[in-house]
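Order of appearance sets the numbers: ligands from 1, and atoms from 1 within every ligand.
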Amino acid sequence: MDQLNERTEALRLRIDAARVPRHIAIIMDGNGRWAKQHGLQRVEGHMNGVRGVREALTGATEIGVTHLTLYAFSTENWNRPSDEVNALMDLLVRTVVNELDELHENSVRLNAIGDLDSLPPGCRSTLEDAMRRTTGNTRITLTLALSYSARWELVRAARSIATAVRNGELDPDAIDERTVADHLATRNMPDPELLIRTSGEQRISNFLLWQIAYAELWFTPVLWPDFRREHLFQAVLDFQSRERRFGLISEQVTPA
Ligand code: FPP
């Protein structure tokens, strides 16, 4: 075993299996800066970012995480130069096609959230085929947030709730947190308990704003193409060392 694997294994063994977050969300950031540091084109940073996706998924599966959600393309990313946008879409399609058999063999369910209608038709149909094929898989759900932003999702939820009220299907007084959650793209998922962002930036960038109300946040300077299982395990260990109070006081959470 090489040194990285030894270190990773040592971290993994320290994780308390009973307190693994069910859902981890990741803002994958730093592909462009990684490419620049290596004297490469930005798109090569994204291509190398696929390794980070593999590592995060493998690590999450190994420790029993049941939902992994990756911010792959934001609504705002459409404003990037068209070459980069096209290259990202191609990469997405190629990656899903190349990895699909392995995802399926490992019982990974592929899911996507966001304004999928805005994706190029080929990209959308590849994703839909992959989602259909893996729909019965139960080990882990890998959700790609594509053409996604939390404000887009909340506006859409508000419209759909208003429509239900107008149609007489919903009493406004009966609207509660559950109603809102049920109108979000994540309606069948537990909320993320841990949110990771790479590349040293410390902001949320319009990602899962409703769902991360109680999530623990973990930031690392590591650029996404350099993200390894080791980093995921560090984040989970840090998560397990924190006291999550949900607005209560310490003694209520861990009675003496
Ligand atoms: C952020 O880095 C990354 C993205 C906008 C795209 C993420 C895409 C991948 C990791 C490719 C593979 C993904 C899948 C799901 C197959 P950035 O470009 O914002 O980097 P910068 O801030 O350094 O410029």
*Taking it one step at a time, do D29 and W224 satisfy side-chain hydrogen bond (donor to acceptor under 3.5 Å, both in side chains)?*
CA-CA 5 Å; D29 196 9; W224 182 252; over 6 Å; no

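- Among all heavy-atom pairs drawn from M89 and W78, the shortest one is CE-CH2, 3.7 Å.
- Under the 4.0 angstrom criterion for non-hydrogen atoms, S199 is not in contact with ligand 1.
- Using the six-membered ring where Trp is involved, Y148 and F207 have ring planes that are perpendicular, over 60° apart on the 30 and 60° scheme.
- The two residues P192 and L208 have their closest heavy-atom pair at CG-CD1, 4.0 Å.
- The aromatic rings of H23 and H67 sit tilted, their planes meeting at an angle between 30° and 60°.
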*With side-chain hydrogen bond (donor to acceptor under 3.5 Å, both in side chains) as the test, would you mind laying out the steps for D226 and W34 before giving the verdict?*
CA-CA 8 Å; D226 291 330; W34 184 93; 3.0 Å; yes

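- Heavy atoms only, all atoms of each residue included: P21 and V236 are closest at CD-CG1, 4.0 Å.
- Distances between N or O atoms of D29 and those of ligand 1 include at least one value under 3.5 Å.
- The two atoms that bring R80 and V85 nearest to each other are O-CG2, 3.7 Å, heavy atoms only.
- Taking every non-hydrogen atom of W224 and a distance limit under 4.0 Å, the qualifying atoms of ligand 1 come out as 10 (C).
- Near N77, the atoms of ligand 1 lying under 4.0 angstrom from a non-hydrogen atom of the residue are 5 (C).
- Counting atoms of ligand 1 from 1 in the listed order, those under 4.0 Å from a heavy atom of A72 are 6 (C), 7 (C).
- For atom 1 (C) of ligand 1, the closest non-hydrogen atom on the protein side is M28 O, 3.1 Å.
- With ligand atoms numbered from 1 in the order given, ligand 1 contributes 17 (P), 18 (O), 20 (O), 21 (P), 23 (O), 24 (O) to contacts under 4.0 Å with heavy atoms of G32.
- Heavy atoms of L70 stay at 4.0 angstrom or farther from ligand 1.
- Closest heavy-atom contact between T126 and V97: CG2-CG2, 3.8 Å.
- Near L91, meaning under 4.0 Å from one of its heavy atoms, ligand 1 places the atoms 11 (C).
- When T141, T61, L144, I140 are each tested for a side chain to side chain contact (heavy atoms under 4.5 Å, CB included) with L68, only one passes: I140.
- The protein heavy-atom contact nearest to atom 13 (C) of ligand 1 is V53 CG2, 4.0 Å.
- Close approach to R33 involves these atoms of ligand 1, each under 4.0 Å from a residue heavy atom: 21 (P), 22 (O), 23 (O).
- Contact record, T134 with V108: CB-O, 3.4 Å, taken as the closest heavy-atom pair.
- Under a 4.0 Å criterion applied to the non-hydrogen atoms of V50, ligand 1 contributes the atoms 12 (C).
- At a heavy-atom distance under 4.0 Å, only side-chain atoms of R80, from C-beta outward, approach ligand 1.
- For atom 10 (C) of ligand 1, the nearest non-hydrogen atom from the set N31, N98, L144 comes from N31.
- Distances below 4.0 Å separate heavy atoms of H46 from the following atoms of ligand 1: 4 (C), 6 (C), 11 (C), 18 (O).
- By the 3.5 Å distance cut-off applied to N or O atoms, R42 is counted among the residues near ligand 1.
- Between T95 and ligand 1, no N or O atom pair is found at a separation short of 3.5 Å.
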